[in-house]
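These notes concern the structure reproduced below.
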Amino acid sequence: MEAIVAISTPPGYGGIGIIRISGKDSFKIIEKIFEPKNKEKDKIKGYTMKYGKIFDFEGKIIDEVLVTYFVSPKSFTTENMCEINSHGGPIVVKKILELCLENGARMAEPGEFTKIAFLNGRIDLAQSEAIIDMINAKTEKEQQASINQLEGNLSNKINEIREDIMQKMVDIEASIDYPEYDIEEITKGELRKMLERVNIKLKELERNFEKGKLIKDGIKMAIIGRPNAGKSSLLNAILNEDRAIVTEYEGTTRDIIEEFIVIEGIPIKVIDTAGIRNKTEDKIEQIGIEKAKEIAKNADLVIYIIDSSKKLEDEDKEILKLLKDKKVIIVLNKQDLNTEISVETEEIKKINKPKIKLSALKKDGIEQLYKEISEMFRLGEIIIDDSVTVTNERHKEIIKNAQKNTNDSINSIDNNMPIDIIQISIKQTLEELGKITGNTVSEDIIDEIFKKFCLGK
Ligand code: GDP
């Protein structure tokens, strides 16, 4: 039998569970375990749904289900497919999955349905990656960027650039066949123009990645300050604050729990600066200048928190000096107590960073902190429209390499290199860009990408 099967709904209890099966023999397998209420033996039509019962080998009824039929090529994978909608209990879905396996289906690998859709040319690689992003999206903006990519706007842009290059490559071939001097000169001139056009488009895509990275990876924020300044209190205030969405999600690739808040649709990830959250008895442990430096290096934003009820310590001053080139917000905490220092205090005044007065304990001033973060990163300006948003690190690397190749080609033209040398570097650009859409990508990379999918997708 040729068919793969998997449970497509998440593990656990739910209203409905979906078992998905794809492959040439899907319908044969379904026929063995499913008895539709309406037993008319008409030809299976695509996009139809049948109500009936699933039976095991001994004829024991397992569940009442609805089966959706997709007839090749009009299905997600382009193969014959069925989706069994059963009751959403873990035992029921597992039992139906087992029945499919016992009747000859093979267990699908993670992402295998999408991989088949890609290999059969229904979607390209960038679109497949958009599906993972869509499933893993943490914010509406990320979801919006994924649907745009799934709709093909990145792929269309890349294909447009590749077609421009290919068209000119045809011209080169002609000039190699007839290597008269002037034809070569004209060709080189036109090639240069084309390469410049390509370069502008690639630069725009690369610039776009800054926005895409913010949407996808968000801002990494570290809270630094001397012991007892109020780091954990601030963290708790942020994560428990009503407006903030606290989501713990299990990455499909890395099994880590990340906590983040969302400000203007952008995820703000809180870096757990060792010990803030798992503070045990090492209260006395100093943050230390070296450690502060290391933490700050990995953060896009440092919240430097000071206990305003005390005088500023030398260590504060030193750490702040060290952070002078970083994006830093100074939080003057414990405003509910009598304050020793304020924004007017000379040594605070001369720190050239935005300052927020706050009481972590009373959760007072958090909104102001959000507003400052939003202004600092101009979060309000990050909007998703129909233009291409590059959110994927892999795509960005490819775009960068392609840009380098284009520059090399332009240099070769300017240095009057022979046309066949120029041709080689232009071909490299074409190959490079093809890795985004998957036209020229190696099997290893394809496997790597689909491994990140969840089972049943
Ligand atoms: P950390 O060592 O920097 O993580 O500091 P903590 O968050 O553990 O706070 C140290 C102490 O200061 C705790 O007893 C907190 O309750 C207290 N604290 C933190 N923020 C405030 C605040 O805004 N006002 C007052 N009155 N106390 C605070």
Side-chain angles (χ1 to χ4, degrees), residues 219-246 248 256-261 263 268-324 326-345 347-349 351 353-374 376:
I219 296 167
K220 278 189 252 152
M221 177 174 92
I223 304 174
I224 303 184
R226 290 176 25 76
N228 282 319
K231 294 180 293 294
S232 8
S233 307
L234 179 63
L235 184 72
N236 285 334
I238 288 175
L239 295 179
N240 297 330
E241 210 256 347
D242 279 345
R243 213 195 71 171
I245 302 166
V246 184
E248 293 192 10
I256 51 165
I257 309 276
E258 282 174 328
E259 273 172 314
F260 59 91
I261 50 169
I263 301 180
I268 317 283
K269 285 186 189 162
V270 186
I271 305 180
D272 189 10
T273 45
I276 303 193
R277 240 176 314 171
N278 298 320
K279 194 155 54 179
T280 44
E281 60 277 6
D282 56 352
K283 268 242 169 199
I284 353 94
E285 192 219 8
Q286 303 278 315
I287 169 122
I289 301 198
E290 275 313 306
K291 189 147 185 208
K293 217 163 144 182
E294 192 190 307
I295 294 168
K297 203 171 71 191
N298 294 318
D300 306 307
L301 167 67
V302 172
I303 304 291
Y304 195 83
I305 181 163
I306 298 171
D307 180 347
S308 329
S309 70
K310 299 223 173 77
K311 288 210 154 43
L312 207 61
E313 301 266 344
D314 285 346
E315 200 186 22
D316 283 316
K317 292 180 209 162
E318 252 183 87
I319 294 178
L320 280 166
K321 229 187 275 165
L322 215 123
L323 296 175
K324 71 178 191 317
K326 270 261 155 201
K327 282 199 158 83
V328 178
I329 298 175
I330 311 276
V331 164
L332 296 169
N333 190 31
K334 307 200 186 178
Q335 290 295 321
D336 54 301
L337 301 177
N338 286 333
T339 51
E340 275 288 332
I341 45 176
S342 75
V343 270
E344 293 307 322
T345 311
E347 46 202 352
I348 298 285
K349 216 170 169 179
I351 307 166
K353 304 281 180 197
K355 291 140 207 155
I356 301 288
K357 291 198 285 186
L358 188 145
S359 165
L361 194 69
K362 304 259 188 255
K363 300 192 169 66
D364 201 13
I366 310 280
E367 285 292 321
Q368 208 48 38
L369 178 64
Y370 285 174
K371 199 162 158 252
E372 192 56 54
I373 296 173
S374 169
M376 193 174 245

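Just so you know, ligand 1 is whichever comes first in the structure, and atom 1 is the first atom listed for that ligand. Nothing fancy with the numbering, it's 1 onward along the sequence.
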Taking the non-hydrogen atoms of G225, is any one of them nearer than 4.0 angstrom to ligand 1?
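It does not; every heavy atom stays at 4.0 Å or beyond.
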Has R226 got any heavy atom lying under 4.0 angstrom from an atom of ligand 1?
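Yes, R226 has heavy atoms under 4.0 Å from ligand 1.
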Nearest 0.5 angstrom please: [X] [atom1] to [Y] [atom2], how far?
{"X": "I305", "Y": "I356", "atom1": "CD1", "atom2": "CD1", "result": "12.0 Å"}
{"X": "L332", "Y": "S308", "atom1": "CG", "atom2": "OG", "result": "4.5 Å"}
{"X": "S233", "Y": "I238", "atom1": "OG", "atom2": "CD1", "result": "11.0 Å"}

Least distance between heavy atoms, E340 atom then T345 atom
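Answer, listing the atom of E340 first, then T345: O-OG1, 4.4 Å.
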Using a 4.0 Å cut-off to any heavy atom of G230, which atoms of ligand 1 qualify?
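Listed by number with element, the hits are 1 (P), 3 (O), 5 (O), 6 (P), 7 (O), 9 (O), 19 (C).
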Just jot down the ligand 1 atoms closer than 4.0 angstrom to any heavy atom of L337, in number order.
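Those qualifying, in numeric order: 26 (N).
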Does any part of the side chain of I306, heavy atoms only, come nearer than 4.5 Å to the side chain of I348, both counted from C-beta?
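They are in contact (side-chain heavy atoms under 4.5 Å apart), so the answer is yes.
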Quick one: does I261's side chain get under 4.5 Å of Y370's, heavy atoms only?
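They are in contact (side-chain heavy atoms under 4.5 Å apart), so the answer is yes.
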Is it the case that ligand 1 has an N or O less than 3.5 angstrom from some N or O of [X]?
{"X": "K362", "answer": "no"}
{"X": "P227", "answer": "no"}
{"X": "L358", "answer": "no"}

Run down the list S359, A237, S233 and name the one with the heavy atom closest to atom 15 (C) of ligand 1.
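The option holding the nearest heavy atom is S233.
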Heavy-atom neighbours of N298 CG exceed 12 at 6.0 Å:
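Yes - once you tally the heavy atoms of other residues, nucleotides and ligands closer than 6.0 Å, there are more than 12.
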Select one of side chain, backbone, both or neither to describe which atoms of N333 lie under 4.0 Å from any atom of ligand 1, heavy atoms only.
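Side chain only.
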D336, portion touching ligand 1 at heavy-atom distance under 4.0 Å:
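The answer is the side chain.
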